[in-house]
Structure formats: structure tokens, C-alpha cells
Amino acid sequence: MSAADEKAALLGLAPVAPDRTVAYGPHPDQVVDLYLPRAAGDARAADGGRWADRATAADGAAAPAAGPPPVVLLHGGFWRAAYDRRHLSPLAAALAGQGLPVALAEYRRVGAGGGAPQTFDDVTAGLAAAVRELPGGGDPVLVGHSAGGQLALLAAARPGTRVSRVLAVAPVADLARAHALGLSNGAVAELCGDGPGLADRIAAADPVCHPPAGVPVTILHGTDDPDVPLDLSRRYAAHSPGTTDLRELPGVGHYGLVTPGSPSCHTLFAQLHRTCST
């Protein structure tokens, strides 16, 4: 699959309904979709069921506490209300099909009550709700794609946040650089609020300036990403080399890593297998 075909492939997948949706606030976007671990052979269990025998019963019952850690997904879309969580629902279902307890978190976005700091506060609250509601053992693995990667990295840096590891996929990992490049027609300024003091507001939300202390970070980024340049991940890794494992995927664009069935998405599954089995 070419990088140019990846977006169409992802958006062409039918959304998958969650097992349950929980609210963590009064706004319609303050919700988390829960996908419970599935046994191998379940109709939604794409790509097999690596943990299914110990993570869930055949009828989809909740996993015991000794199972794999919860996985919390944060979608991208340059923080704008036009893009919601539904395009990552096939990924959430596929991971649940591998026996993982998965939460797909929504949050207020620019144009619908979001932006700094509301978006960041929602991610923290949504993560806490996922930890309360999902089965699984240990602190959650936080997985963020694109702008969701920035949100994941920033959330993990907040004091008191329960995160065992961050897996950032094609993340907007250097907010200042993204703003300088004018990514997505000034999305960073929209997020942080344009006007006097913008540089300080960007710095306050920039993962480069706030690496999560003691939390391992793995970054997966395609070399042919036309939406979020690989350079942003390289710059983040250069600032935090001791805790960051950057893995560059030749020929991969922006969406393949989060599109179930694509070859590059198997790289994401394999990384989560290693992370959740240790």
C-alpha cells in the first residue's frame, strides 16, 4: 500500500461499535468507548487472539486483574472537531480481538469547546475513567496517533498520571516545530490560541519541553509521512534519548500504522505484544 492510499484505506473501514461507552463529563465529547478483550474466533477478533485464553472467557466476559494492561487510544485530526474517534474504532476492535482491554477516548476539540487547556484536561480525565472501567493488570499503555500522539506524550508527563508506557504513532511530537512549519494551516495556533503569548502557550503544551519522567516512550513513524514530518519525531528523540525508542518505517505514510490489515499495522500490533507481555 502506498502512502497516498493509506488514508482512503483507513477511512474506508466501517466503524465498529464499542461494548460500552462511559461519560467522564457533561459534554457530549467527554466519553470513552470500551472494547473488551475477545476470544479467538469472535466475529470482531481480527488478527487472532494472542492473550484471549487468559484475558477473557469465550463469551467476551471481562478479564481478570492478572491479564494484560489496558490500552488507551487517542485519535488525531489536528485537534479539530471535524475529526472524531470513529476512524480508530476498527483499530480498537482489532486490538480487543487480540485479547487486550481497549479504551478509545474522545475529548473536546477546537471548534466544539476544546483547545488548550480543555483538550488536555479531557485527556487526563478520560484516561482516569478508562483505568477505572477497564479490566486488566497494571497501569495502562497510552497509544496516540498524530495529534493524539502529542496528547499522549503530554498526558504522561502530568504529575500523578498512571501510565506504564507511551506508544506514539506519527506524533506531532515537537509542537514548536509543527507551528513553524504551519502544519495543517496553523493547527497549533488554533489549539493553543493565537495572539500575544502564543510562544509560551506552545511551550507549555510541547512534548519536547515536557518529556514524561520515568515513562518509556516508543515512537513509530513512517519515512513517507506527508502530514506529520518524520523530523518532528527525530527532534523529540534527540531531546529525550534516554527514554525514547524511535523506529522509522521505510515507505510508510501517515495512516498505515493504524489501519488494521495493512502490513505496517502489524508493526504496531507486534510492538504492543512486546509491551503488554512484559
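- Using a 30° and 60° split on the angle between ring planes, H75 and Y107 fall in the parallel class, below 30°.
- To the nearest 0.5 Å, atom CZ of residue R85 and atom CG of residue D29 are 7.5 Å apart.
- Once rounded to the nearest 0.5 Å, the distance linking CG of L10 with CG of L257 reads 11.0 Å.
- Taking CG of L88 as the start and CG of D33 as the end, the distance is 11.0 Å to the nearest 0.5 Å.
- Placement of Y83 and V143 in two distinct hydrophobic clusters is found when ILVMFWY residues are connected by side-chain heavy-atom separations under 4.5 Å, directly or transitively.
- For H27, the NE2 atom is densely surrounded, since the number of other residues' heavy atoms within 6.0 Å is greater than 12.
- Applying the 6.0 Å contact sphere to CZ of R86 captures no more than 12 heavy atoms from other residues, nucleotides or ligands.
- With a 4.5 Å cut-off on side-chain heavy atoms, T259 and L13 count as touching.
- Checking side-chain atoms of S89 against main-chain N and O of P15 turns up no donor-acceptor pair under 3.5 Å.
- For the 3.5 Å distance criterion, the side chains of R247 and T267 fail to qualify, holding no donor opposite an acceptor.
- If you chain together hydrophobic residues whose side chains sit under 4.5 Å apart, L34 and L142 fall into the same group.
- L181 and L198 fall within a single hydrophobic cluster, where Ile, Leu, Val, Met, Phe, Trp and Tyr are joined by side-chain heavy atoms under 4.5 Å apart, directly or via other members.
- Annotation for R109 and W79: closest pair CB-O, 3.1 Å, computed over non-hydrogen atoms.
- Residues V228 and L230 do not share a hydrophobic cluster, defined by chaining ILVMFWY side chains whose heavy atoms lie under 4.5 Å apart.
- R201 places a side-chain N or O within 3.5 Å of a backbone atom of C192 that can act as its donor or acceptor partner.
- Between the NE2 atom of H210 and the OG atom of S240 there is a distance of 11.5 Å, given to the nearest 0.5 Å.
- Using a distance-only test at 3.5 Å, with no hydrogens or angles considered, no donor-acceptor pair links the side chain of H87 to the main chain of G12.
- Annotation for P68 and P101: closest pair O-CG, 3.9 Å, computed over non-hydrogen atoms.
- In this structure a side-chain-to-backbone donor-acceptor pair under 3.5 Å is missing from T243 to V215.
- When Q30, R108, R158 are each tested for a side-chain hydrogen bond (donor to acceptor under 3.5 Å, both in side chains) with D121, only one passes: R158.
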What's the verdict on side-chain contact (heavy atoms from CB on, under 4.5 Å) for F269 and L91, showing C-alpha distance, side-chain angles and the deciding distance? CA-CA 10 Å; F269 288 148; L91 177 63; 4.0 Å; yes
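- Taken from CG in L154 to CG in D206, the straight-line distance is 9.0 Å, to the nearest 0.5 Å.
- Between L183 atom CG and L232 atom CG the span is 6.5 Å, to the nearest 0.5 Å.
- By the criterion of side-chain heavy atoms lying less than 4.5 angstrom apart, applied directly or through intervening Ile, Leu, Val, Met, Phe, Trp or Tyr residues, V31 is not grouped with V110; the two fall into different hydrophobic clusters.
- Distance alone, capped at 3.5 Å, places no donor-acceptor pair between the D224 side chain and the G253 backbone.
- With Q98 contributing its side chain and A93 its backbone, the two residues share no donor-acceptor pair below 3.5 Å.
- At a threshold of 4.5 Å between non-hydrogen side-chain atoms, the residues P140 and P69 do not count as touching.
- Under a 3.5 Å cut-off, the side chain of E6 and the backbone N or O of H254 do form a donor-acceptor pair.
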Dump the intermediate steps for side-chain contact (heavy atoms from CB on, under 4.5 Å) on V163 and R165, then the final yes or no. CA-CA 6 Å; V163 175; R165 179 180 294 271; 5.6 Å; no
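- The shortest heavy-atom contact between D227 and P229 is O-CD, 3.9 Å.
- A donor-acceptor pair under 3.5 Å is absent between the side-chain atoms of Q150 and the main chain of V172, judged by distance alone.
- For H221 and D225, the side-chain atoms include at least one donor-acceptor pair closer than 3.5 Å.
- Under a 3.5 Å cut-off, the side chain of S146 and the backbone N or O of P171 do not form any donor-acceptor pair.
- Between the S184 side chain and the F78 main chain, no donor and acceptor come within less than 3.5 Å of each other.
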Carefully, step by step, assess I219 and D245 under the rule side-chain contact (heavy atoms from CB on, under 4.5 Å). CA-CA 6 Å; I219 298 177; D245 178 17; over 6 Å; no
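- Residue A173 comes nearest to S233 through the heavy atom pair CB-CA, 4.5 Å, listed as atom of the first residue, atom of the second, then distance.
- Tested against Y236 for a side chain to side chain contact (heavy atoms under 4.5 Å, CB included), the candidates L175, T244, D231, D174 yield a single pass: T244.
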Before giving the answer on side-chain contact (heavy atoms from CB on, under 4.5 Å), spell out for V252 and T223 the whole-Å C-alpha distance, their side-chain angles and the decisive distance to 0.1 Å. CA-CA 6 Å; V252 173; T223 60; over 6 Å; no
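- Among all heavy-atom pairs drawn from L249 and S264, the shortest one is CD2-CB, 4.3 Å.
- In terms of heavy-atom proximity, L220 sits nearest to L268 at CD1-CA, 3.9 Å.
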